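The shown structure was predicted, so the numbers you read here are calculated from the model rather than taken from an experiment. Counting begins at 1 with the first residue of the sequence. In each ligand, atom 1 is the first atom listed, and ligand 1 is the first ligand listed.
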Amino acid sequence: MAFSSQHGGNIIEAAAAIGVDASSLTDFSANINPLGMPDSLKMAITENLALAERYPDVEYRALHQALADHHKVPTEWVLAGNGETELIFNLVQQLAPRKALLLTPGFAEYRRALARVGCEIVDFPLSEQQGWQPDESLLSALTPDLDCLFLCTPNNPTGLLLDNVLLLAIAQRCQENNIALIVDEAFMDFLPDEPGLIPQLASFPQLYVLRSLTKFFAIAGLRLGYLVSADTTTVGRIRQLREPWTINAFAALAGEVILNDRAYIDASYRWLRAEQPRLFNGLNLLHGITVWPPRANYIFLRCDVDGLELQRALLEEHILIRHCANYPGLDARYYRVAIKSAADNDKLLEALKRVLSNKAGSGE
Ligand SMILES: Cc1ncc(COP(=O)(O)O)c(C=O)c1O
């Protein structure tokens, strides 16, 4: 039996399944920065509790200015949302595509947002033989009958970054064929040397970049994400038509504070630089486990031990990992684990060793 059907982070359901309290589980299923919410934000929130008593600025002027300054783009290009997820749905609703291409495996919410507007969905399967990466054949799949393509880089669940040359060729091809290109960069902040596509927006008026602040800044419960695009007509229509005040005052404040917290950002880079290779190498040494080199703060793996339900076995060790059986294009052998603190990563490696050796010992 597997848990967390759509997303990671469902520790309540998982804990209930083995009859323990959720607080006793270590959650490797949601990819959240283990440094936790920045102290600068905790302080800003406690000093501004009175913000809860009034409506936030319905235009979120200070927030949008902070995001625009951060990316050095005009404010009209930027629209913040109650997590990136809200903007996936807003954008799809506004663009109302009739036929979209989705790479599989990929994040589930694109499909849900497209289904909501009755869009036909064509899958472009990524294969393990090709290292879960698209190649030039994706360019030929971008035919004029399509009007929307979603890409995610680094991709969830594989953790792989798209090749920059291919990405620009895709953007070019989408422009020629009038295909809206939506690029999800929810995890891009974890890659200090990768600017992503925001610097290219001026050249591609039908390119939409989505960003999330919930993972890197550990504010998944507070919620904040944003859309950046040079298509000011679409951005403006969403701004005009959506429900008011969907971003709470503290999330809006977060956007004004956290991007300037250099100490937190640098500490996060230091943590990931140490723990990303360490956890990868640790997993790579385990017999029966295949791992793909991660670019962000999570690792995609395959477990080839017959009869071992890895998620269930680790849950007995009070560790929750994300099974990937419900991603189109994957099956029950695939899993995703977050990269956490050194101590938690050691806990995962030790638990995995126990689970794998128990299975080997059982003679199955
Ligand atoms: C690839 C990807 N995009 C977007 C999101 C949603 O981010 P947010 O929490 O900002 O809504 C997630 C969350 O897991 C994700 O994995």
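Expressed to the nearest 0.5 Å, how far CG of Leu149 lies from OH of Tyr110 amounts to 10.5 Å.
No heavy atom of Gly225 sits closer than 4.0 Å to any atom of ligand 1. Within the structure, ligand 1 has Cys152 among the residues with a heavy atom less than 4.0 angstrom away. Distances from ligand 1 to the non-hydrogen atoms of Arg223 include at least one value under 4.0 Å.
Any N or O atom pair closer than 3.5 Å counts here, and Tyr110 shares no such pair with ligand 1.
Contacts with ligand 1 closer than 4.0 Å are made by side-chain heavy atoms of Asp184 only, the backbone lying farther away.
Contact check on Arg278 versus Asp346 returns a salt bridge, with a Lys/Arg side-chain nitrogen under 4.0 Å from an Asp/Glu carboxylate oxygen. Classification of Glu109 and Arg112 as a salt-bridged pair holds, one side-chain N sitting under 4.0 Å from a carboxylate O. Of the charged side-chain nitrogens involved, none lies within less than 4.0 Å of a carboxylate oxygen, so that Asp184 and Arg211 do not count as a salt-bridged pair. Note on Arg270 versus Asp266: no salt bridge recorded, every NZ/NE/NH1/NH2 to OD/OE distance being 4.0 Å or above.
From the protein, the heavy atom lying nearest to atom 14 (O) of ligand 1 is Lys215 NZ, 2.8 Å. Closest to atom 16 (O) of ligand 1, if we only count protein heavy atoms, is Asn156 ND2, 2.8 Å. Of the protein's heavy atoms, Thr85 OG1, 3.3 Å lies nearest to atom 6 (C) of ligand 1.
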Donor-acceptor list for residues 87-103 side chains, cut-off 3.5 Å, not counting sequence neighbours:
from	atom 1	to	atom 2	distance (Å)
Arg98	NH2	Asp147	OD2	3.0
Lys99	NZ	Asp145	OD2	2.6

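Two residues are said to be in side-chain contact when any heavy atoms from C-beta on lie closer than 4.5 Å; Lys340 and Asn297 fail this criterion.
The option with the heavy atom closest to atom 5 (C) of ligand 1, from among Phe107, Phe150, Tyr298, is Phe107.
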